[in-house]
Participant: 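Please read through the structure below; I'll follow up with questions.
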Amino acid sequence: MLMSYAMYSGQHNHGMDALSIRYLGHQPIAIKTLLGSGKGQITFDRVAIDDAVRYAAEDADVTLRLWQAFKPNLHRVQVTTVYETLERPLVPVLAEMEMAGIRVDGQVLSRMSNAFAQKMAGLEAEIQEIAGEPFNVGSPKQLGEILFDRMGVEGGEKGKTGAYATGADVLEDIATLEDVNPKAARLAATVLDWRQISKLKSTYTDALQQAINPETGRVHTSYSIAGANTGRLASTDPNLQNIPVRTEEGRRIREAFVAGPGLRLVSLDYSQIELRILAHVADIPELKQAFREGIDIHALTASEMFGVPLSEMTPEVRRRAKAINFGVIYGISGFGLARNLRIPRAEAQGFIDRYFERFPGIKTYMDATVAFAREKGFVQTLFGRKIHTPEINAKGPTAGFARRAAINAPIQGAAADIIRRAMIRMPEATRDLPAKMLLQVHDELLFEVAEGETDRLITAAKDTMEGAAHPAVALRVHLAVEAGQGRNWAEAH
DNA sequence: TAGTTCACG
DNA sequence: ACGTACGTGAACTAC
């Protein structure tokens, strides 16, 4: 059995300790007393066996006693079915995935780290040259002072700490000022390049090398089954749910995630699952029809909103509609859409108004969801998962956050429920296949399978994913799953 | 340890 | 008038 980093460092049961104190009136043995802390800290495999036994036995005992304490509550708040169908059976599935791990080629990562280091050194020299003085490029505070105080860029906004904001959106704006402030524009553009490489190196190519288990040659993440409020999983130590994919340079990191000898990686991901869920729960005829007919959903939205025939759709109009579709899922606001599309707020609000005019059922659904949350203090997914909304009746800016979260939760949560159902059925659905499920990335499952069995795996896993809502929920929209395969994750995607 | 930034869906 | 896209985790700086 593999020992996770969380176990080594004793970070896995702080939540349980608090529950034990609160509900059982019992302070469990603190892991710190066994491992020590600071320089002399040891790992769990070095703990004296008697101490380890006492600790582990108490851990199991507290778990049982907490279960006994909580079981009546499950029934009282009507989440027994959710617990028994979406939570408990997922635990062994996640355990298998964590133990399986995924093979990562450390040499590939090492070569990339070296290349990144060279590139960063060059960019750093360029940055110091433009700035006219040496400074820590990784310090947003120092960068802000140089751009806004020394180089005279206007419109700097300071955050809570009094430092100028220098996030990517700010730097991108400055980078367009070639005519007004060419030096600052070049500096901002170069820092953006440096930041991207720096991120890839520190968070991925460097950190992942450290995460390779020397015994397995594989990286073993930990999944939190209760990590996210909406029912999504969370992945930690390392997080394998945020491996780069959006940029070409970032995507190459996925080339280091490889299949074992004689094996292939297969990736299956739900296509537009959240918009499909929205089409179902809000019961929008046009959206349901578009999914039924396999029409490009963003193009359809654009066509409906802007009156452009599908045959005359342009990429720019489609891009706007896509941002609106995403915005709707997130509990759209004029401000947020304006910022995302970089258009005036009034214009963004106009888009939203037109969207709701064209799809009145969406507005009705959103209002009903918020009203439900206000009255009950929670919202629910199609599968009965409850997401609590304690701030929904708050005043001030908090109200806006709570409102948007309440709108998003049933949609994001239902998608999470569906992929959980697929994962729970997957061992049975693939029992005759030499395949292992390795990773879940919210709407994607990644498998490792014997060469020559990829087609059979894709058929079985795809069917399982596409049928995962049934029979609990009769979705009025079909679910579509796209599949890919390759020697590494970049190829498989 | 808080704040900032940025990687993903 | 205010301040906002939803959900996460990790690295880094600066206090």
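For the numbers below, each heavy atom of this structure counts, side chains included, while hydrogens, waters and symmetry mates do not.
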Participant: Contact class for A:Ile243 (heavy atom, under 4.0 Å): base, sugar-phosphate, or nothing?
Facilitator: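 It contacts sugar-phosphate atoms only.
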Participant: Using a cut-off of 4.0 Å on non-hydrogen atoms, how would the nucleic acid contact of A:Ala399 be classed: base, sugar-phosphate, or nothing?
Facilitator: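 The residue A:Ala399 makes no contact with any strand.
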Participant: With sugar-phosphate meaning primed atoms plus P, OP1 and OP2, does A:Ser202 contact a base, only sugar-phosphate, or nothing at under 4.0 Å between heavy atoms?
Facilitator: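 Sugar-phosphate contact only.
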Participant: Would you confirm whether A:Tyr164, through its side chain, and A:Asp149, through its main-chain N or O, come within 3.5 Å as a donor-acceptor pair?
Facilitator: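 Side chain of A:Tyr164 to backbone of A:Asp149, a donor-acceptor pair under 3.5 Å: no, none is there.
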Participant: Between C:dT8 atom P and A:Tyr223 atom OH, what is the distance in whole Å?
Facilitator: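 Going from OH in A:Tyr223 over to P in C:dT8 covers 17 Å.
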Participant: Report yes if a side-chain nitrogen or oxygen of A:Thr161 is closer than 4.0 Å to either non-bridging phosphate oxygen (OP1 or OP2) of B:dT4; otherwise report no.
Facilitator: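 Checking A:Thr161 against B:dT4: at least one side-chain N or O falls below 4.0 Å of OP1 or OP2.
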Participant: Applying a 4.0 Å non-hydrogen cut-off, can you work out what A:Asn340 is touching in the nucleic acid: base, sugar-phosphate, or nothing?
Facilitator: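 A:Asn340: base contact, heavy atoms under 4.0 Å.
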Participant: May I ask you to say what A:Ile332 touches in the nucleic acid, namely base, sugar-phosphate or nothing, with a heavy-atom cut-off under 4.0 Å?
Facilitator: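 Base contact - A:Ile332 has a heavy atom under 4.0 Å of at least one base atom.
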Participant: Tell me whether the side-chain N or O atoms of A:Arg345 pair up with the base of C:dT4 as donor and acceptor below 3.5 Å, since no angle test is needed here.
Facilitator: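 Such a pair is found, so the answer is yes.
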Participant: So does A:Arg232 get a side-chain nitrogen or oxygen closer than 4.0 Å to the phosphate oxygens (OP1/OP2) of B:dG9?
Facilitator: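 Negative; the distance criterion is not met.
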Participant: Looking at C:dC2, which nucleotide sits across from it as a Watson-Crick or G-U wobble partner, both distances under 3.5 angstrom, or is there none?
Facilitator: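 Its partner is none (no Watson-Crick or G-U wobble pair with both distances under 3.5 Å).
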Participant: Could you state the CD-C1' distance from A:Gln196 to C:dC12, rounded to the nearest angstrom?
Facilitator: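 One finds 17 Å between C1' of C:dC12 and CD of A:Gln196, rounded.
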Participant: Checking A:Arg374 against A:Phe372: charged group under 6.0 Å from the ring centre and within 45 degrees of the axis?
Facilitator: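 Not flagged: A:Arg374 not positioned over aromatic ring of A:Phe372.
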Participant: In whole angstrom, what separates A:Gln241's CD from B:dG9's P?
Facilitator: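 From A:Gln241 CD to B:dG9 P: 10 Å.
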Participant: Reckon A:Phe335 touches a base, only the sugar-phosphate, or nothing at all at heavy-atom distances under 4.0 Å?
Facilitator: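 Base contact.
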Participant: Over all strands shown, is A:Asn239 touching base, sugar-phosphate only, or nothing at heavy-atom distances under 4.0 angstrom?
Facilitator: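 Sugar-phosphate: the residue A:Asn239, judged by heavy atoms under 4.0 Å, touches backbone atoms but no base.
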Participant: Check this for me: does the side-chain of A:Arg246 come within 3.5 Å of the base of B:dG9 through a donor and an acceptor?
Facilitator: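 Yes.
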Participant: From C:dA10, B:dA7, C:dA5, pick the nucleotide closest to the side chain of A:Thr236?
Facilitator: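 From the listed options, C:dA10 comes nearest.
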Participant: For C:dC2 and B:dT5, measure between their C1' atoms and round to the nearest Å.
Facilitator: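 Taking atom C1' in both C:dC2 and B:dT5, they lie 25 Å apart.
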Participant: When you measure from the centre of the six-membered ring of A:Phe116, is the NZ or CZ of A:Lys201 under 6.0 Å away and within 45° of the axis?
Facilitator: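 Ring-cation test returns no.
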Participant: Does A:Asn408 place a side-chain N or O at less than 4.0 Å from the phosphate oxygens OP1/OP2 of C:dA5?
Facilitator: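 False: A:Asn408 side-chain N/O out of range (4.0 Å or more) of C:dA5 OP1/OP2.
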Participant: For A:Arg342, is there an ion pair with A:Asp173 - N to carboxylate O distance below 4.0 angstrom?
Facilitator: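 Result for this pair is yes, salt bridge flagged.
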Participant: A:Ala168 near the nucleic acid: base, sugar-phosphate alone, or nothing, with a heavy-atom cut-off under 4.0 Å?
Facilitator: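 The residue A:Ala168 makes sugar-phosphate contact but no base contact.
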Participant: What integer number of Å spans the P atoms of B:dG3 and C:dT4?
Facilitator: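 Roughly 14 Å separates the two P atoms.
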Participant: OP1, OP2 of B:dT5 versus side-chain N and O of A:Thr166: anything below 4.0 Å?
Facilitator: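 Yes, within the criterion.
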Participant: Indicate, with a heavy-atom threshold strictly under 4.0 Å, whether A:Ala415 touches base, sugar-phosphate, or nothing.
Facilitator: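 No contact at all - A:Ala415 keeps every heavy atom at 4.0 Å or more from the nucleic acid.
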Participant: With respect to the side chain of A:Tyr330, which nucleotide from B:dG9, B:dT5, B:dA7 is positioned closest?
Facilitator: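 Nearest listed nucleotide: B:dG9.
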Participant: Would you kindly give the CG-to-P distance between A:Leu192 and B:dA7, to the nearest whole Å?
Facilitator: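 These atoms are roughly 10 Å apart.
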Participant: Can you tell me which nucleotide in C:dA14, B:dG9, C:dA5 comes closest to the side chain of A:His442?
Facilitator: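 Per side-chain heavy atoms of A:His442, the pick is B:dG9.
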Participant: So if I apply the side chain to side chain contact (heavy atoms under 4.5 Å, CB included) rule between A:Arg195 and each of A:Val137, A:Leu200, A:Leu171, which one comes out positive?
Facilitator: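 So, applying the side chain to side chain contact (heavy atoms under 4.5 Å, CB included) to A:Arg195 and each of A:Val137, A:Leu200, A:Leu171, only A:Leu171 qualifies.
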Participant: What nucleotide among B:dG9, C:dA5, C:dC15 has an atom nearest to a side-chain atom of A:Ala323?
Facilitator: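 So the side chain of A:Ala323 is nearest to C:dA5.
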Participant: Contact class for A:Ser198 vs. all strands (heavy atom < 4.0 Å): base, sugar-phosphate, or nothing?
Facilitator: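 Since no nucleic acid heavy atom lies under 4.0 Å of A:Ser198, the category is nothing.
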Participant: Could you tell me how far apart A:Tyr164 (OH) and C:dA14 (P) are, to the nearest whole angstrom?
Facilitator: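 To the nearest whole Å, that distance equals 16 Å.
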Participant: Report the residue (A:Thr230 or A:Pro238) whose heavy-atom-nearest nucleotide on DNA chain C is the more 5′ of the two.
Facilitator: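 Residue closer to the 5' terminus by nearest nucleotide: A:Thr230.
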Participant: Write down the distance separating the P atoms in B:dC6 and C:dA5, rounded off to the nearest Å.
Facilitator: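 Nearest-Å result for B:dC6 against C:dA5 at atom P: 14 Å.
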Participant: Would one find a side-chain N or O of A:Gln142 under 4.0 angstrom from OP1 or OP2 of C:dA14?
Facilitator: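 Yes.
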Participant: ring-ring contact (aromatic ring centres under 6.0 Å, His included), that's the test. Do A:Phe359 and A:Tyr355 meet it? Break it down for me.
Facilitator: CA-CA 6 Å; A:Phe359 303 108; A:Tyr355 182 91; 5.0 Å; yes
Participant: Whole angstrom is fine here: how far is it from CD1 in A:Ile362 over to C1' in C:dA5?
Facilitator: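 Rounded to whole Å, this separation is 16 Å.
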Participant: Please determine whether side-chain hydrogen bond (donor to acceptor under 3.5 Å, both in side chains) holds for the pair A:Gln349 and A:Asp353, giving the CA-CA distance in whole Å, both sets of side-chain angles, and the decisive distance to 0.1 Å.
Facilitator: CA-CA 6 Å; A:Gln349 190 57 53; A:Asp353 293 345; 3.1 Å; yes
Participant: Nearest of B:dC6, C:dA5, C:dT13 to any side-chain atom of A:Pro140?
Facilitator: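 Comparing B:dC6, C:dA5, C:dT13 against the side chain of A:Pro140, the answer is C:dT13.
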Participant: Could you tell me whether A:Glu87 and A:Arg420 make a salt bridge, using a distance below 4.0 angstrom between a side-chain N and a carboxylate O?
Facilitator: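 Judged by the 4.0 Å cut-off on N to carboxylate O distance, A:Glu87 and A:Arg420 do form a salt bridge.
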Participant: Students often get this wrong, so: under 4.0 angstrom with heavy atoms, is A:Gly400 touching a base, only sugar-phosphate, or nothing?
Facilitator: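 Since no nucleic acid heavy atom lies under 4.0 Å of A:Gly400, the category is nothing.
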Participant: Checking all strands, does A:Ala207 fall into the base, sugar-phosphate, or nothing category for heavy-atom contacts under 4.0 angstrom?
Facilitator: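 Here A:Ala207 touches the backbone only, sparing every base.
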Participant: Taking everything shown except A:Glu129 itself, do over 12 heavy atoms lie less than 6.0 Å from its CD?
Facilitator: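 Incorrect, the count does not exceed 12.
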Participant: So, does the side chain of A:Arg404 form a donor-acceptor pair with the base of C:dT4 at under 3.5 Å?
Facilitator: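 Yes.
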Participant: What's the CD1-C1' distance between A:Ile225 and C:dG7, to the nearest Å?
Facilitator: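 It works out to 17 Å between those atoms.
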Participant: Looking across every strand, which nucleic acid part, if any, lies under 4.0 Å from A:Lys199 by heavy atom: base, sugar-phosphate, or nothing?
Facilitator: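 If one applies the 4.0 Å heavy-atom cut-off, A:Lys199 turns out to touch a base.
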Participant: Between C:dT8, C:dA14, C:dC6, which nucleotide has the shortest distance from any of its atoms to the side chain of A:Asn229?
Facilitator: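 Nearest listed nucleotide: C:dT8.
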Participant: At under 4.0 Å between heavy atoms, what does A:Gly159 touch on the DNA or RNA strands: base, sugar-phosphate, or nothing?
Facilitator: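 Touches sugar-phosphate only.
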Participant: To the nearest Å, how far apart are A:Asp269 CG and B:dC8 P?
Facilitator: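 Going from A:Asp269 (CG) to B:dC8 (P), I get 15 Å.
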